Peer 1: 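Below is a structure I'd like to ask you about.
Any value given below was found using the heavy atoms of this structure, including those in side chains, with hydrogens, waters and symmetry copies removed. Owing to the predicted nature of the structure, the values given are computational and were not obtained by experimental measurement. The chains referred to below are lettered A, B, ... by the order of the sequence lines, with proteins before strands, and numbering in each begins at 1.
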There are 2 protein chains.
Amino acid sequence: MNSKPLRSQTASDSAGGNATVRRRATINDIARLAGVSKKTVSRVINRSPFVKVETRDKVNAIIKELGYRPDPQARGLAFRRSFLIGMIYDNPNPQYVVNVQQGILDAVRDSGLELVVHPCNRADPGFLDQVQTFVEQLKLFGVVLTPSVSEDDELVAMLRDLDCPYVRVASVSLDEAERMIVTHDAAGAAEAARHLADLGHRHVAFISGLPSFRSSHERRRGFAEGLEECGLSLEDRYVVEGAYTYDSGVACARQLLAMDTPPTAIFTGNDEMAAGVYTAARDAGVSIPGDLSVIGYDDSPMAARLWPPLTSVRLPIRDMGRFAAEKLIELASAEGNRSASQPDVRPGLAVRESTAGPR
Amino acid sequence: MNSKPLRSQTASDSAGGNATVRRRATINDIARLAGVSKKTVSRVINRSPFVKVETRDKVNAIIKELGYRPDPQARGLAFRRSFLIGMIYDNPNPQYVVNVQQGILDAVRDSGLELVVHPCNRADPGFLDQVQTFVEQLKLFGVVLTPSVSEDDELVAMLRDLDCPYVRVASVSLDEAERMIVTHDAAGAAEAARHLADLGHRHVAFISGLPSFRSSHERRRGFAEGLEECGLSLEDRYVVEGAYTYDSGVACARQLLAMDTPPTAIFTGNDEMAAGVYTAARDAGVSIPGDLSVIGYDDSPMAARLWPPLTSVRLPIRDMGRFAAEKLIELASAEGNRSASQPDVRPGLAVRESTAGPR
DNA sequence: CTGAAAGCGCTTACAG
DNA sequence: CTGAAAGCGCTTACAG
């Protein structure tokens with residue numbers, strides 16, 4: 001990267017509304033106008049309790065008047081950390097990614113924190129090194145991890161070593177409560193199981209996601225437990241391993257539908273694979289939900305676009321992002337006063353038209 | 001935000017691989033070990049040509065040995081800008097957003113630049129102020145704008161005032177070539193028109209997107225021109241205004257299918273609305289492509305999941321993000337030597353099974 | 001409760 | 001081609 005000539009710091013009258021000035025105010029301007037030292041201004045900025053009320057009010061008045069905002073870069077350099085939150089993810093679902101991003105931004109609004117995104121690939125040999133560079137170079141305020149990187153113990157050990165605050169979003173608790181947003185996938189899958197059992201299904205199948213994702217196991221476990229609650233069981237022959245992709249859904253469903261006693265209902269690890277089940281069913285002349293009930297997971301927008309509209313387990317993804325960032329801020333603030341807020345993320349079943357009683 | 005105690009800067013042996021040290025090397029360490037001033041190290045970092053080759057090599061050797069990487073925060077403070085690229089967007093399509101993000105990251109790999117995301121809403125009265133704060137506080141290296149914010153002249157005027165480099169992705173050229181990635185939407189729509197004309201359609205309709213998006217007009221214009229090339233015309237009665245949403249697609253298609261002489265083909269401004277056309281067609285007992293051909297725009301993953309698979313105009317979205325970031329880097333480097341690279345973004349038609357000749 | 005000095009890790013402006 | 005000084009806009013550590 002090459003050096004770049006200094007840019008003029010002018011701002012036009014038209015753009016910024018009113019109080020735009022030639023140069024942005026600095027802590028020195030505030031200190032001079034308030035008749036105090038810059039250290040005192042610094043104390044006000046950082047909400048130190050050791051400032052006389054009148055002093056604080058006077059400084060705040062000047063700050064407001066000039067529209068002063070401390071320079072995060074300078075603050076960061078002195079603090080030895082930045083005001084950037086990193087989102088580290090490898091989830092292939094764009095809807096999921098964008099919603100978590102939105103949720104994080106919901107949480108940091110007006111806090112001066114910003115969001116830096118870091119997609120990655122655990123299979124890449126440089127994976128850990130790249131994350132380390134990312135975290136160290138940016139001196140991140142903290143990071144939010146989503147599945148499946150949130151399940152990577154090596155990664156988490158590294159973050160601890162780097163002293164980088166983190167919060168993990170995962171299907172099951174893997175860490176201290178103040179570092180976890182648990183999505184209770186087993187509970188969501190159990191709901192799907194009960195729904196099918198209530199409809200009278202006896203032969204139900206499960207298409208799992210990639211085994212490297214914890215959610216695959218949790219969803220299977222919850223589904224099996226939900227069935228057992230209702231006096232049914234998830235038979236091994238009715239469990240097929242997919243890969244969270246449309247194509248794997250097609251292949252797994254073909255396999256299930258070709259059985260001597262094919263299942264009358266299929267629960268899939270996500271909506272993408274459910275879409276694959278639709279295709280396989282159509283090809284096999286199997287009607288949904290007449291011959292086959294289908295339930296997906298994620299309740300992506302696609303679920304409602306399929307025909308018939310897909311019953312699916314819904315997750316409040318944007319809220320999950322917000323909760324994660326809120327926890328991260330608590331963690332990094334390190335006030336000692338861990339707030340009691342333990343926001344609960346509970347999956348629910350969005351029942352549509354892809355499920356009905358068996359023939 | 002409250003002040004935070006200094007974190008210890010230790011790094012374990014296990015995490016960072018080999019050369020992890022207690023404290024990261026600084027420019028002073030390099031200068032001392034190389035026996036030069038820190039200014040000279042700075043020159044090497046910034047690729048100044050005014051360094052003797054031997055000096056440069058010696059400094060680079062030490063930099064490599066210690067794994068030294070200049071602190072972007074400190075550099076930024078001195079440079080009066082950061083090494084962060086902002087992506088400002090209001091596109092509601094997550095697939096689009098994630099792909100552009102990926103493309104930007106493709107371009108900045110190993111450059112030391114990082115990506116900060118800023119979703120926004122032009123209808124929000126605080127829209128411009130928020131973007132200004134974002135750009136000023138972060139002293140952004142530059143920003144990438146996607147539709148529809150890329151079409152906002154007030155926003156662009158503000159960025160110029162702030163002296164913030166920007167590149168705009170839009171359906172038609174709106175700025176100097178070095179600031180534009182043009183997606184040629186009219187050309188894409190014309191391809192759709194030709195495809196339908198070739199199949200023998202005479203009564204073809206268009207469902208437009210939101211009129212506040214330039215793409216809506218470009219796609220309509222290109223579609224009309226494409227038809228005219230083939231001796232057809234886009235009749236006003238066959239043009240309906242949608243809103244780029246699934247629901248608007250359903251409503252507009254109902255309207256078209258209820259006409260005395262309904263169209264035998266519908267081209268929609270995006271795939272979401274095409275999905276809505278599918279639903280309306282099914283409700284009306286109209287079969288696709290037997291009774292009605294449908295073409296979407298975007299070629300989103302959903303296009304291939306619909307039944308029948310949707311013919312759609314494809315855009316290389318990830319490449320667009322990459323090209324945009326590459327142009328931004330050229331722009332911000334301001335070397336004067338605008339490279340001749342004028343990467344071309346050309347839409348193409350992905351023909352699937354939703355189009356056929358009319359009955 | 002408040003401040004003067006030194007420092008965070010770089011760069012610019014000026015000399016040589 | 002190279003360097004000593006001053007500065008970017010903040011904070012820490014130390015006094016008072």
Peer 1: Counting only heavy atoms from other residues, nucleotides and ligands, does the tally under 6.0 Å from CZ of R160(A) exceed 12?
Peer 2: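 It does: R160(A) CZ has more than 12 such atoms within range.
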
Peer 1: Taking only the side-chain heavy atoms of A74(A) (C-beta and beyond), determine which of dT11(D), dC1(D), dG9(D) contains the nearest atom.
Peer 2: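 My answer, after comparing the listed nucleotides, is dG9(D).
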
Peer 1: Write down the distance between CZ (R32(A)) and C1' (dG9(D)), rounded to a whole number of angstrom.
Peer 2: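 Taking CZ of R32(A) and C1' of dG9(D), I get 14 Å after rounding.
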
Peer 1: For dT11(D), does either OP1 or OP2 sit under 4.0 Å from a side-chain N or O belonging to S42(A)?
Peer 2: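 True: S42(A) side-chain N/O within range (under 4.0 Å) of dT11(D) OP1/OP2.
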
Peer 1: Checking Q101(A) against Q101(B): is there a side-chain donor and acceptor pair closer than 3.5 Å?
Peer 2: yes

Peer 1: Would you mind telling me which of dG3(C), dC8(C), dT11(C) lies closest to the side-chain atoms of A78(A)?
Peer 2: dC8(C)

Peer 1: Given atom OH of Y68(B) and atom C1' of dG9(C), what is their separation to the nearest angstrom?
Peer 2: 7 Å

Peer 1: Compare every heavy atom of Y89(A) with every heavy atom of V149(A), then report the nearest pair and how far apart it is.
Peer 2: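 Nearest pair, atom of V149(A) first, then Y89(A): CG2-CA, 3.9 Å.
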
Peer 1: Hey, does the side chain of T55(A) come within less than 4.0 Å of dC1(C)'s phosphate (OP1/OP2), counting only N and O?
Peer 2: no

Peer 1: Mark yes or no for a side-chain to base donor-acceptor pair under 3.5 Å between R43(B) and dG3(D), with no hydrogen or angle criteria applied.
Peer 2: yes

Peer 1: Measuring from the side chain of L77(A) (C-beta onward, heavy atoms only), which nucleotide among dG9(D), dT11(C), dC10(D) has the closest atom?
Peer 2: dG9(D)

Peer 1: Are OP1 or OP2 of dG9(C) and a side-chain N or O of N28(B) less than 4.0 angstrom apart?
Peer 2: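 Negative; the distance criterion is not met.
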
Peer 1: Tell which nucleotide pairs with dA13(C), taking only Watson-Crick or G-U wobble pairs whose two distances are both under 3.5 angstrom.
Peer 2: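 Pairing partner, where one exists within any strand: none, as none qualifies.
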
Peer 1: State which of dT11(C), dC1(C), dC10(C) makes the closest approach to the side chain of K52(A).
Peer 2: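 Minimum distance to the K52(A) side chain belongs to dC1(C).
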
Peer 1: Could you tell me whether the side chains of N91(A) and T146(A) share a donor-acceptor contact shorter than 3.5 Å?
Peer 2: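 No pair is found: no donor N or O on one side chain lies under 3.5 Å from an acceptor on the other.
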
Peer 1: Using the side-chain heavy atoms of S37(B), tell me which of these nucleotides is nearest: dG3(D), dC10(D), dT11(C).
Peer 2: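 Minimum distance to the S37(B) side chain belongs to dG3(D).
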
Peer 1: Where each residue is assigned the nucleotide of DNA chain C containing its nearest heavy atom, which of R69(B) and V51(A) is assigned the position nearer the 5′ end?
Peer 2: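 Whichever sits nearer the 5' end wins; that is V51(A).
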
Peer 1: I need the CZ-P distance between R81(A) and dG9(C), as an integer number of Å.
Peer 2: 16 Å

Peer 1: Could you please name the option among dG9(C), dT11(D), dG3(C) that lies closest to any side-chain atom of T26(B)?
Peer 2: dG9(C)

Peer 1: Test E136(A) against R24(B) for salt bridge (charged side-chain N to carboxylate O under 4.0 Å, His left out), laying out the working first.
Peer 2: CA-CA 9 Å; E136(A) 284 195 324; R24(B) 284 198 77 75; 2.7 Å; yes

Peer 1: Taking 4.0 Å as the cut-off, does a side-chain nitrogen or oxygen of T40(A) come that near to OP1 or OP2 on dG3(C)?
Peer 2: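 It does, given that an N or O in the side chain of T40(A) lies less than 4.0 Å from OP1 or OP2 of dG3(C).
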
Peer 1: Does dC8(D) have OP1 or OP2 under 4.0 Å away from a side-chain N or O of R80(B)?
Peer 2: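 It does not, given that no N or O in the side chain of R80(B) lies less than 4.0 Å from OP1 or OP2 of dC8(D).
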
Peer 1: Please state how far atom CD1 in I45(A) lies from atom C1' in dG9(D), giving the value in whole angstrom units.
Peer 2: 10 Å

Peer 1: Mind checking K39(A) for me? I need base, sugar-phosphate or nothing, with any heavy atom below 4.0 Å counting as a touch.
Peer 2: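 The answer is base, as K39(A) lies within the cut-off (heavy atoms under 4.0 Å) of a base atom.
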
Peer 1: If you check the I27(A) side chain, which of dT12(D), dC10(D), dT11(C) turns out closest?
Peer 2: dC10(D)

Peer 1: Of all the choices, dT12(D), dC1(C), dC10(D), which nucleotide is nearest to the side chain of F50(A) once you look at every atom?
Peer 2: dC1(C)

Peer 1: What's the shortest heavy-atom distance between A170(A) and P147(A), and which atoms?
Peer 2: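 Taking A170(A) first and P147(A) second, the nearest heavy atoms are CA-CG, 4.3 Å.
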
Peer 1: Output the rounded distance in Å from CZ (F79(B)) to P (dG9(C)).
Peer 2: 17 Å

Peer 1: Expressed in angstrom and rounded to an integer, what is the separation of I30(A) atom CD1 from dG9(D) atom C1'?
Peer 2: 12 Å

Peer 1: dC1(C) P sits how many Å from K58(A) NZ, rounded?
Peer 2: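 K58(A) atom NZ is separated from dC1(C) atom P by 15 Å.
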
Peer 1: Could you tell me the separation between the CG atom of D71(B) and the C1' atom of dC10(D), rounded to a whole number of Å?
Peer 2: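 Those two atoms, CG and C1', are 14 Å apart.
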
